[in-house]
Novice: 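What follows is a structure written as structure tokens; I'll ask about it next.
This is a predicted model, so every value here is computed, not measured.
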Amino acid sequence: QRVQLRERSIHRRRLFGRSSDPVALALNNLATTRELQGRPAAAARLYGASLEILRKVLPPEDVGLAYGAMNTGALLLMSNGADKVEPLLKEALDIWETTLADYPDHPERRSAADWLISCLLVRARAGENRGLREAQAKELCKRYGLDFDERQERSKQYPYTPDKTAT
């Protein structure tokens with residue numbers, strides 16, 4: 001099956017060009033396979049490549065971008081990349097809040113908020129602007145009816161070592 005997905009991805013690139021929705025979908029599907037294989041870093045790279053294409057072919061408020069940003073962000077968060085994902089997860093939540101404004105309890109909104117809360121708490125735990133990030137996480141928990149203490153405990157499963165050399 002792995003070979004088939006890779007071949008489909010190559011076929012779609014030849015048929016539709018590198019920057020097309022079908023190629024982005026193929027990369028997304030391959031990323032899901034890598035995720036299921038327990039290879040989150042590989043999945044994150046493929047989700048990122050898919051998102052890069054989606055940014056070229058979709059309007060900025062399209063829910064496809066929300067899915068792409070959330071998938072990429074979630075997998076990077078699982079792969080020690082909390083510092084890279086906060087903007088992606090905020091983007092996903094912003095899109096869902098805009099497109100689903102009439103549905104505050106929609107599962108996609110709650111899921112995006114949940115991932116962003118995890119990211120904020122991972123970075124807070126690492127000492128990156130702790131007070132602000134914890135306050136933002138608490139506000140999101142309150143808005144979406146999520147338990148802050150439970151989210152704080154769950155966020156401990158995500159590895160994160162800040163790059164002290166980054167500027």
Side-chain angles (χ1 to χ4, degrees), residues 19-32 34-35 40-41 43-160 162-163 166-167:
S19 292
S20 66
D21 198 27
V23 171
L25 177 62
L27 290 170
N28 185 79
N29 291 344
L30 192 55
T32 301
R34 295 296 180 264
E35 181 182 357
R45 284 191 302 276
L46 289 163
Y47 279 133
S50 174
L51 178 59
E52 202 173 302
I53 292 170
L54 292 174
R55 289 193 190 288
K56 293 176 185 175
V57 300
L58 297 177
E61 69 283 353
D62 193 285
V63 296
L65 290 175
Y67 281 118
M70 195 164 63
N71 288 344
T72 304
L75 268 291
L76 283 171
L77 184 60
M78 290 181 211
S79 303
N80 195 35
D83 56 333
K84 298 173 188 81
V85 303
E86 192 173 330
L88 289 173
L89 296 172
K90 282 181 180 178
E91 176 187 9
L93 182 57
D94 287 346
I95 292 170
W96 286 123
E97 285 181 335
T98 300
T99 58
L100 297 170
D102 295 336
Y103 306 96
D105 292 329
H106 194 281
E108 296 300 349
R109 285 183 68 170
R110 291 176 59 87
S111 179
D114 206 2
W115 280 111
L116 179 55
I117 291 164
S118 290
C119 178
L120 291 167
L121 293 174
V122 166
R123 295 191 75 188
R125 190 175 63 251
E128 295 180 337
N129 209 343
R130 183 180 189 144
L132 176 64
R133 286 195 168 89
E134 282 185 352
Q136 290 171 334
K138 283 179 183 176
E139 191 278 321
L140 285 169
C141 283
K142 182 178 175 185
R143 186 182 332 160
Y144 286 95
L146 302 170
D147 183 88
F148 177 78
D149 293 330
E150 183 181 302
R151 293 311 180 277
Q152 199 165 35
E153 188 61 32
R154 197 175 69 196
S155 72
K156 292 177 183 176
Q157 70 182 311
Y158 303 118
Y160 181 54
D163 182 1
T167 54

Novice: For a side chain to side chain contact (heavy atoms under 4.5 Å, CB included) check, start with the C-alpha distance between L120 and L140, then their side-chain angles and the critical distance, and finish with the verdict.
Specialist: CA-CA 10 Å; L120 291 167; L140 285 169; 4.0 Å; yes
Novice: Which residues pass the side-chain hydrogen bond (donor to acceptor under 3.5 Å, both in side chains) test with R133, not counting sequence neighbours?
Specialist: E86
Novice: Name all residues meeting the side-chain hydrogen bond (donor to acceptor under 3.5 Å, both in side chains) criterion together with T99; count only those two or more places apart in sequence or in a different chain, and write none if there are none.
Specialist: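 side-chain hydrogen bond (donor to acceptor under 3.5 Å, both in side chains) list for T99, sorted by chain: empty.
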Novice: Among all residues two or more places apart in sequence or in another chain, which pass the ring-ring contact (aromatic ring centres under 6.0 Å, His included) test with Y158?
Specialist: W115
Novice: Who passes salt bridge (Lys or Arg N to Asp or Glu O under 4.0 Å) against K84, sequence neighbours left out?
Specialist: none
Novice: Looking only at heavy atoms, which two atoms of A24 and L54 are closest? And how far apart?
Specialist: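 Smallest interatomic distance, heavy atoms only, reads CB-CD2, 3.7 Å.
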Novice: Taking only residues two or more places apart in sequence, or in another chain, which ones meet N71 in a side chain to side chain contact (heavy atoms under 4.5 Å, CB included)?
Specialist: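 N71 satisfies side chain to side chain contact (heavy atoms under 4.5 Å, CB included) with N28, Y47 only.
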Novice: Report the distance from atom CZ of R45 to atom CG of L76, rounding to the nearest 0.5 Å.
Specialist: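 Output value for this atom pair is 10.0 Å.
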Novice: To the nearest 0.5 Å, what is the distance between CG (L88) and CG (L77)?
Specialist: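 Rounded to the nearest 0.5 Å, the CG-CG separation comes to 11.0 Å.
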Novice: Quick one: ring-ring contact (aromatic ring centres under 6.0 Å, His included) partners of Y67, sequence neighbours excluded?
Specialist: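 With neighbours one apart ignored, the set is W96.
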Novice: Can you list the residues that meet the side chain to side chain contact (heavy atoms under 4.5 Å, CB included) rule with D149, with sequence neighbours excluded?
Specialist: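 D149: side chain to side chain contact (heavy atoms under 4.5 Å, CB included) contacts with D147, Q152.
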Novice: Taking all atoms of both residues into account, what is the closest heavy-atom pair of L93 and A113, and its distance?
Specialist: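 Smallest heavy-atom distance, with atoms named: CD1-N, 3.8 Å.
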Novice: Treating S155 as the side-chain partner and S118 as the backbone partner, does any N or O pair qualify as donor plus acceptor under 3.5 Å?
Specialist: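 No, the answer is negative, given that no donor and acceptor are paired below the 3.5 Å cut-off.
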Novice: Apply side-chain hydrogen bond (donor to acceptor under 3.5 Å, both in side chains) to R151 and list each qualifying residue two or more places apart in sequence or on a separate chain.
Specialist: D114
Novice: May I ask you to decide if D94's main-chain N or O and T98's side chain share a donor-acceptor pair within less than 3.5 Å?
Specialist: yes
Novice: CE/M70 to CG/L51 distance, rounded to the nearest 0.5 angstrom?
Specialist: 12.0 Å
Novice: Quick one: list whatever passes salt bridge (Lys or Arg N to Asp or Glu O under 4.0 Å) with E91, sequence neighbours left out.
Specialist: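 With sequence neighbours excluded, E91 shows a salt bridge (Lys or Arg N to Asp or Glu O under 4.0 Å) to R55, given in chain and number order.
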Novice: For E128, give me all partners under salt bridge (Lys or Arg N to Asp or Glu O under 4.0 Å), at least two apart in sequence or on another chain.
Specialist: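 Salt bridge (Lys or Arg N to Asp or Glu O under 4.0 Å) check on E128 returns R123.
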Novice: Name each donor-acceptor pair under 3.5 Å that joins a side chain in residues 59-66 to protein atoms two or more places apart or in another chain, with its distance.
Specialist:
unit_1, atom_1, unit_2, atom_2, d
D62, OD1, G64, N, 2.7

Novice: Grab the two heavy atoms, one from D83 and one from Y160, that are nearest each other, plus how far apart they are.
Specialist: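 Closest heavy-atom pair between D83 and Y160: CB-OH, 3.1 Å.
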Novice: Do R109 and Y144 touch side chain to side chain, with heavy atoms closer than 4.5 Å?
Specialist: yes
Novice: Got a salt bridge between R125 and E134, using NZ or NE/NH1/NH2 to carboxylate O under 4.0 Å?
Specialist: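 Not counted as a salt bridge, because no side-chain N and carboxylate O are separated by less than 4.0 Å.
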Novice: Mind checking the OG-CD spacing from S111 to E108? Nearest 0.5 Å is all I need.
Specialist: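 If we round to the nearest 0.5 Å, S111:OG and E108:CD are 6.0 Å apart.
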Novice: Could you list the residues that satisfy side-chain hydrogen bond (donor to acceptor under 3.5 Å, both in side chains) with S79, not counting sequence neighbours?
Specialist: none
Novice: Looking at C119 and A82, what are the two nearest heavy atoms and their distance?
Specialist: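 Minimum heavy-atom contact is SG-O, 3.5 Å.
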Novice: In sequence, state the C-alpha distance, the side-chain angles, and the governing distance for L89 and I117, and then conclude on side chain to side chain contact (heavy atoms under 4.5 Å, CB included).
Specialist: CA-CA 9 Å; L89 296 172; I117 291 164; over 6 Å; no
Novice: What are the two closest non-hydrogen atoms of G48 and T72, and how far apart are they?
Specialist: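 Minimum heavy-atom separation between G48 and T72: N-OG1, 3.5 Å.
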Novice: To the nearest 0.5 Å, what is the distance between CZ on R110 and CG on L100?
Specialist: 13.5 Å
Novice: Check whether any side-chain heavy atom of V85 lies under 4.5 Å from a side-chain heavy atom of L116, and answer yes or no.
Specialist: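 No. Closest side-chain heavy atoms not under 4.5 Å.
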Novice: How many angstroms lie between atom CG of N29 and atom OG of S50, to the nearest 0.5 angstrom?
Specialist: 8.5 Å
Novice: Looking at A92 and A112, what are the two nearest heavy atoms and their distance?
Specialist: C-CB, 4.4 Å
